[in-house]
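Data block below; observations after.
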Amino acid sequence: MISIQKITFILGLGLLSIGCSNDEYNYNTGEPTRKEKAQLVLKSLETGDESIANKYINATTYIQHNLDASDGRNGFLALLKSLKGTHMKVTTYRTFEDNDVVFLNTKYENFFGKTFIAFDAFRFDSNNKIVEHWDNLQEEQPLNPSGHSMIDGEIQLKDTNKTESNKNIVKGFVNDVLIGGDFSVISNYISSTHYTQHNPWIADGIQGLQDGASILSRYHILEVKKVWGEGNFVLVGSNITYENKPAVVYDLFRLENDKIVEHWDVLEMTPPQSQWQNTNGKF
């Protein structure tokens, strides 16, 4: 006869593994995956649960690139305490993993009184502790000309065998079109039949990009700093100027059949260095 303890253990594993494939959950130790740890850390901003940071963030080597937060795990805990009682809500829509980095696409509601769309990325060490964090946040805007929000759209991960080739396609698009300004090759990278746009001011399709040329001219990419990807999703982080002022943009691209078919982005102005709460910079 199976004991009550055994039944409880089996049921517990089943509940913990809901939404996770077998390769995403370590059944031997019961320890959350890196993706789950990153989600839990972000959710703790809503719940105020300090134990999450204490368990999953390295106490001595945590490097913070959010310029409004102090360095180290204590800086994260200070942010957590400042949000206590604010009724903030955290909803993560997309989570991906590229080697030792997990990157996420999240909505923060009532975050110091406003709603933001964000990209966060966490780097893990060999002990599966978080040792570095990057992010970019933009206040949520109304629906764009095609009726899309900054966060809706496809969420399904697939084509994990094509991660590197998809990253190379996106790098080519950024270098040739966004940096090089050569719109004559845009159809080499973007689907001519369906391209869904989540930028708040630009419409769907290649035509939407061409019509939004005056908006795109406000952006000037100085340097691509990060390219992370998993399967059909690729995230690019870049230092830019926006209307001749320093900023950072994170662009998320979804690909199908070797073409870009969907795009999200988040732009954040870079504050003067005198206002930084750490010395690490955005990258």
Side-chain angles (χ1 to χ4, degrees), residues 8-9 11-137 151 155 157 228 230 235 250 266 277-278 280:
T8 302
F9 176 74
L11 287 174
L13 279 180
L15 289 172
L16 284 169
S17 62
I18 288 175
C20 303
S21 62
N22 290 339
D23 62 343
E24 287 183 326
Y25 194 84
N26 188 332
Y27 289 97
N28 294 323
T29 66
E31 182 180 0
T33 65
R34 287 176 172 179
K35 287 183 178 180
E36 291 168 334
K37 288 178 180 179
Q39 291 169 350
L40 286 167
V41 166
L42 293 185
K43 195 67 174 178
S44 72
L45 296 171
E46 175 185 320
T47 65
D49 186 353
E50 296 182 18
S51 70
I52 299 297
N54 289 326
K55 282 190 287 188
Y56 303 137
I57 294 178
N58 189 295
T60 58
T61 61
Y62 181 65
I63 302 169
Q64 177 63 265
H65 293 279
N66 182 312
L67 301 179
D68 293 323
S70 300
D71 216 4
R73 186 170 71 186
N74 286 338
F76 180 86
L77 291 171
L79 175 62
L80 211 63
K81 290 175 181 176
S82 72
L83 291 166
K84 189 174 182 180
T86 62
H87 306 292
M88 178 185 178
K89 183 179 179 182
V90 177
T91 306
T92 296
Y93 285 75
R94 299 169 184 87
T95 306
F96 309 106
E97 187 169 359
D98 187 346
N99 294 314
D100 59 353
V101 172
V102 171
F103 57 101
L104 312 92
N105 188 197
T106 299
K107 177 187 278 193
Y108 296 120
E109 297 175 78
N110 201 29
F111 186 40
F112 298 109
K114 298 180 179 180
T115 296
F116 291 88
I117 306 301
F119 288 106
D120 289 89
F122 296 95
R123 181 171 64 86
F124 288 77
D125 63 15
S126 58
N127 295 315
N128 289 321
K129 296 281 189 179
I130 296 171
V131 292
E132 194 163 11
H133 169 251
W134 302 263
D135 68 355
N136 219 46
L137 293 84
I151 195 74
I155 63 174
L157 173 66
W228 295 303
E230 185 179 15
L235 180 67
Y250 276 54
V266 167
Q277 298 302 305
N278 62 67
N280 302 315

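- Contact record, V102 with A38: CG1-CB, 3.7 Å, taken as the closest heavy-atom pair.
- Side-chain contact check for N58 versus T60: some heavy-atom pair is nearer than 4.5 Å.
- Considering all non-hydrogen atoms of both residues, S44 and V41 come closest at OG-O, 2.5 Å.
- Interatomic distance, CD of Q277 versus CG of L67, reported as 9.0 Å (0.5 Å rounding).
- Here K129 pairs with nothing under the salt bridge (charged side-chain N to carboxylate O under 4.0 Å, His left out) rule; sequence neighbours left out.
- R34 places no side-chain N or O within 3.5 Å of a backbone atom of N128 that could act as its donor or acceptor partner.
- Here the side chains of K37 and E31 are in contact, with some heavy-atom distance below 4.5 Å.
- Atom CZ of residue F112 and atom CG of residue D68 lie 8.5 Å apart, to the nearest 0.5 angstrom.
- Considering all non-hydrogen atoms of both residues, Y62 and E132 come closest at CD1-N, 4.0 Å.
- Taking OG1 of T115 as the start and CE of M88 as the end, the distance is 9.5 Å to the nearest 0.5 Å.
- Among residues two or more places apart in sequence or in another chain, the side chain to side chain contact (heavy atoms under 4.5 Å, CB included) test is passed with E46 by K43, K89, V90.
- Taking the salt bridge (charged side-chain N to carboxylate O under 4.0 Å, His left out) definition, one finds that K55 meets it with nothing, sequence neighbours left out.
- Nearest approach of F103 to E230, heavy atoms of both residues: CZ-N, 4.1 Å.
- Atom CD1 of residue I155 and atom OG1 of residue T92 lie 11.5 Å apart, to the nearest 0.5 angstrom.
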Show me the donor-acceptor pairs, under 3.5 Å and distance only, between side chains in residues 75-87 and residues at least two apart or in other chains.
residue: S82; atom: OG; partner: L79; partner atom: O; Å: 2.6
residue: T86; atom: OG1; partner: L83; partner atom: O; Å: 2.6

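- Contact record, N110 with G113: OD1-CA, 3.5 Å, taken as the closest heavy-atom pair.
- Closest non-hydrogen pair, V131 versus F124, comes out as CG2-C, 4.1 Å.
- The shortest side-chain heavy-atom distance between W228 and W134 falls under the 4.5 Å cut-off.
- In this structure, I130 CD1 and T61 OG1 are separated by 11.0 Å, a value rounded to the nearest 0.5 Å.
- Partners of A69 under the side chain to side chain contact (heavy atoms under 4.5 Å, CB included) rule, at least two apart in sequence or in another chain, are Q64, N66.
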For residues 93-100, tabulate all N or O donor-acceptor pairs below 3.5 Å that involve a side-chain atom, not counting sequence neighbours.
residue: R94; atom: NE; partner: E154; partner atom: O; Å: 2.8
residue: R94; atom: NH1; partner: N105; partner atom: OD1; Å: 3.0
residue: R94; atom: NH1; partner: I151; partner atom: O; Å: 2.9
residue: R94; atom: NH2; partner: I151; partner atom: O; Å: 3.0
residue: R94; atom: NH2; partner: D152; partner atom: O; Å: 3.1
residue: R94; atom: NH2; partner: G153; partner atom: O; Å: 3.3
residue: R94; atom: NH2; partner: E154; partner atom: O; Å: 3.2
residue: T95; atom: OG1; partner: Q39; partner atom: NE2; Å: 2.9
residue: D98; atom: OD2; partner: K167; partner atom: NZ; Å: 2.9
residue: D98; atom: OD2; partner: G229; partner atom: N; Å: 2.9

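- Screening T91, I52, D120 for a side chain to side chain contact (heavy atoms under 4.5 Å, CB included) involving L42 leaves a single residue, D120.
- Within the model, atoms CG of D135 and CZ of F122 stand 8.0 Å from one another, a figure rounded to the nearest 0.5 Å.
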